[in-house]
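This report concerns only the one structure given below.
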Amino acid sequence: MNLKRSLCVICSALIGVALLVAAWFIILTSVPSHADASTFIVWHPMKGPYGGEMWTVEFHPRSDRIVYAGGPSGFYRSDDGGSTWNALRISDLPVAHVRCLCVSPSMPSLVLASTENEGIFRSWNKGLTWEPIAYVPKSTIAISPNYGADRTVFAWWYYIDPRDYTLQTGISKIVDTEVVTTVNLPAEALAVAPTYDDIGPGVDVFAATPNSFHYTRDGGTTWETLATISKTLGHVYTIALSPSFAEDRTLYVGTSSIGPQHMAGLFKSTNGGFNWRFIGGNLPEGLAVRKIVLAPDYLETSNQRTLYIVATSETSSTPLRIYRSVNGGETWMPVEPEWPVPEITEVWDISLSPHHSFDHTLLVATSLGMYRTTDRGATWEEVNEGINGAYVSALAASQNQLYARVWVPQELSRDLPDTIYQRTPDGSGWVPIEGQGLPPADIRRTPRAMYPPDLAALPDDSALFAWGFRNRGVYRSWDHGETWEAANNGLTVPGFEDELPTVHTLHITPRAPYTMYAVTEEDVFWSTDAGESWTRLVLPIPRPIVALTTGGRNFRYLYVLYQNGLLFRSADNGVTWENLSNRIPPYPLPWEYLKSYILVAHPTQPERIFLGGGFPLTSKAQCNRFYLSSDEGEHWVNLSPRVPSRNVIIGRLYISPYVPDTLWLLARRKQGDFPPDQFVAQGLYASTDWGLSWHEVRLDPQLIRGGIRDMYIDASGRMYFATAGHGIWTGDEAEAHTVYVPMLRVTSGE
């Protein structure tokens, strides 16, 4: 009897173990096999739109075909003199914001790059592979001419001390991979002479502060003041040395003023920096000299004394210009005709071909990318092919075409170039559209937001719409963006009937695409003829509107969300309104704290309405709210605890009509403040159960480095991401569901 009982106990235990193993097997096999946090989907940057801000450019010292360039979008090399560029990754960094490049004259295959926050890197093979050599923040570097022997580079650096927010500056000497000396000299520019010899006397390393010029004789351990350049000098932007410094001992310094009592311009020394003179010549008064570059065959004692400067006036409206001198700076001529692209706000760097005296070639790195001249500046050409640094503010799609709007937001106080691109027929890249009649995109500063350019297409591809122009309303194109016309009949500003409003939202009704709504600061306009005429709606309250959508069965309702969280619904296009706010579950924080807003109707089940937004608060507080109504807004479910919240601010909800079972949530990390419609996402989350659970899609770090502005999924399941500074990327929607990090798993809603 005891044996029988024991056998029963053993059998029961074995059955229990088997059931437990089976249960664990079911659980484990239900989790995607690629849920490893270290696994990434392969996303690809598309061919174009090309361009983007570039900070530094450097010709190979012996070849006019090889050129290096860098900027916020990374490091690039050209093997055809700058006509086309190839992006090369620095070390294992997702994207290195390259501040400065140096090429060794004695070892032409050696390239050094200083980055914004990752330190200094070295490549022995023209940028193909890299290794870190030292961490020096925000540095400008100057290389020893004998780097092959002494492995020496000097770095001028600066940073803001987080303890007391003071500016810290200094100069460090780096030998191979070690920082051997550091001095806290308040320098603003640095240069190493071609005569530098780290083991002999007469070490020529120079640094400039606002009023004086410094020199080191011991490789950077101690510094001496050589001379006072000017007691009224402002900021020092740049130092340039003659390539024949051993013979002519010639240096130049470019400065800017810091007040009306200070002096700006160009200074020159022909005795190694001991004495200086102002050489403004026939340059306009008050020029701030930002960059100086001397021809490779410059010799002060010969007739080869060509140099270029980049300068702008600080006392008048003189635009950013490049000037050339052929006599060592005694007289100057502006590069003609004028600077080729007036919208360029900065020229950050210049590099001359090593054969400049013969091929007359000059490359410049600007706020709009790379430009080249082969006739000393008489004519210019844009050479941005391969530079994937465009800021894409919006994507727009019809049934057969995809469009992108490219914007350059460096200077918010002036007109900015605004370009429409169209996807190529093979789907691999983008080509610009003529865009005649489309005004420049500029920004309206308001207490609440700054609205970037946006774009939309009718489903049948009959018309494109563009908005986001300051006091210019809406523009429309009937020929795929080739020509544009104003579509502002009826768009007015109350009390200023002759003034056009700034439209920040244009909503096209899905099942009646010629019916659309234009939203301004406090008004909504309605059109039933694709923008041919507009009618102002009567709104329930005079408050700023932050979101609008149409939804409900057959999209019969119009919904508007106010900044204070009030939600209204109208079934008769604004004749009467119903307040839905008291039906939304209460929330402990006021709606006014929101910095991003969500109001979206499902494209194939429009009775489902999503509502919410994100707060830029500390990680100790629930910073997101998210609600779902499945009955046109009659009742709401609070899904706020379900959405990602730890260090994440949700921003935009996207639902593709081609993949309607998935919700896509764009989010950013919880850091800093941002205007409501300037939301730039740094992450993507997906839900296939109406928001009850979410998982993070593992995007390529290069894609999210600048941030995501917009996304789109076409009928084939191809995903497109418009980024803030890294062009347009693409990937497969199916892959986004196979590689992820589980965020939250629940079985029922609240």
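We number each residue from 1, following the sequence as shown. Computed from a prediction, not measured in an experiment: that's the story for all the values here.
- Classification of Arg553 and Glu607 as a salt-bridged pair fails, no side-chain N sitting under 4.0 Å from a carboxylate O.
- When atom types are taken as modelled, the side chain of Ser596 and the backbone of Ile650 share a donor-acceptor pair closer than 3.5 angstrom.
- With hydrogens and angles left out, the side-chain atoms of His695 and Ser693 include no donor and acceptor closer than 3.5 Å.
- Between the side chain of Tyr562 and the main chain of Ile541, a donor-acceptor pair closer than 3.5 Å is present.
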Query - Check against side-chain contact (heavy atoms from CB on, under 4.5 Å), Asp714 and Leu402 - result: CA-CA 9 Å; Asp714 64 18; Leu402 185 60; over 6 Å; no
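- Looking at Asp461 and Tyr403, their side chains come closer than 4.5 Å, going by heavy atoms from C-beta outward.
- Tyr76 approaches Gly386 most closely through the heavy-atom pair CE2-O, 3.4 Å.
- A donor-acceptor pair is defined here as one N or O able to donate and one able to accept, closer than 3.5 Å; such a pair exists between the side chain of Asn488 and the backbone of Arg472.
- Salt bridge status for Asp631 with Arg583: absent, with no side-chain N to carboxylate O gap under 4.0 Å.
- In the displayed structure, Trp577 atom CH2 is contacted under 6.0 Å by more than 12 heavy atoms of other residues, nucleotides or ligands.
- The minimum heavy-atom distance linking Ser656 with Ile713 is given by the pair OG-O, 3.4 Å.
- Ring orientation note: the planes of Phe469 and Tyr475 are nearly perpendicular, at an angle over 60° on the 30°/60° scale.
- Atom CH2 of residue Trp348 and atom OG of residue Ser367 lie 8.0 Å apart, to the nearest 0.5 angstrom.
- The main-chain N or O of Asn471 is found under 3.5 Å from a side-chain atom of Thr502 such that the two form a donor-acceptor pair.
- One distance of note links CG of Leu567 with CD of Glu578; it measures 10.0 Å at 0.5 Å rounding.
- Residues Leu395 and Ile728 meet the side-chain proximity criterion, which asks for heavy atoms closer than 4.5 Å.
- The side-chain heavy atoms of Gln401 and His480, taken from C-beta on, include no pair separated by under 4.5 Å.
- Tested against Thr520 for a side-chain contact (heavy atoms from CB on, under 4.5 Å), the candidates Val503, Thr492, Val493 yield a single pass: Val503.
- The minimum heavy-atom distance linking Pro432 with Thr419 is given by the pair CB-CG2, 4.3 Å.
- Using a 4.5 Å cut-off on side-chain heavy atoms (C-beta onward), Leu458 and Met516 make contact.
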**Report entry** Steps toward salt bridge (charged side-chain N to carboxylate O under 4.0 Å, His left out) verdict (Asp710, Arg405)
**Finding:** CA-CA 11 Å; Asp710 201 0; Arg405 193 164 177 186; over 6 Å; no
Query raised in the report: Do Tyr654 and Val600 pass the side-chain contact (heavy atoms from CB on, under 4.5 Å) test, and can you show the C-alpha distance, the side-chain angles, and the key distance before you say yes or no?
Result: CA-CA 8 Å; Tyr654 176 76; Val600 177; over 6 Å; no
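- Between the side chain of Ser570 and the main chain of Thr576, a donor-acceptor pair closer than 3.5 Å is present.
- Thr550 contributes no side-chain N or O that, together with a main-chain N or O of Tyr557, makes up a donor-acceptor pair within less than 3.5 Å.
- A donor-acceptor distance shorter than 3.5 angstrom exists from the side chain of Ser477 to the backbone of Thr483, with no hydrogens or angles considered.
- Interatomic distance, CZ of Phe525 versus OG of Ser533, reported as 12.5 Å (0.5 Å rounding).
- Within 6.0 Å of CZ in Arg543 there are 12 or fewer heavy atoms belonging to other residues, nucleotides or ligands.
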Requested in this report: Go through the steps to decide whether Trp664 and Val697 satisfy the test side-chain contact (heavy atoms from CB on, under 4.5 Å), and finish with yes or no.
Outcome: CA-CA 10 Å; Trp664 305 93; Val697 178; 4.0 Å; yes
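- Minimum interatomic distance between Trp690 and Phe610 (heavy atoms only, all atoms of both residues): CE3-CZ, 3.8 Å.
- Thr535 places none of its side-chain heavy atoms less than 4.5 Å from the side chain of Asn573.
- One distance of note links CG of Leu455 with CD1 of Ile420; it measures 4.5 Å at 0.5 Å rounding.
- With Asn624 contributing its side chain and Pro644 its backbone, the two residues share a donor-acceptor pair below 3.5 Å.
- Pro72 is not listed as a side-chain neighbour of Tyr391, based on a closest heavy-atom distance of 4.5 Å or more.
- Counting heavy atoms from C-beta on, the side chains of Tyr517 and Thr509 come closer than 4.5 Å.
- Minimum heavy-atom separation, Trp729 to Asn388: NE1-ND2, 3.8 Å.
- Separation of atoms CD (Gln682) and CG (Leu666) is listed at 11.0 Å; rounding is to 0.5 Å.
- Looking at every heavy atom in both residues, Pro660 comes nearest to Ile655 through O-CG2, 4.0 Å.
- Atom CZ in Phe626 sits 4.5 Å away from atom CH2 in Trp694 (nearest 0.5 Å).
- With hydrogens and angles disregarded, no donor-acceptor distance shorter than 3.5 Å links the side chain of Thr662 to the backbone of Ser687.
- Counted within 6.0 Å of CG on Asp460, heavy atoms from surrounding residues, nucleotides or ligands total more than 12; the atom is thus considered enclosed.
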Query - From CA spacing to verdict: side-chain contact (heavy atoms from CB on, under 4.5 Å), Arg709, Val392 - result: CA-CA 7 Å; Arg709 278 290 312 171; Val392 186; over 6 Å; no
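- Between Glu522 and Pro494, the closest side-chain pair of non-hydrogen atoms is not below 4.5 Å.
- Listed for the Asn554 side chain is no donor-acceptor partner under 3.5 Å among the backbone atoms of Arg556.
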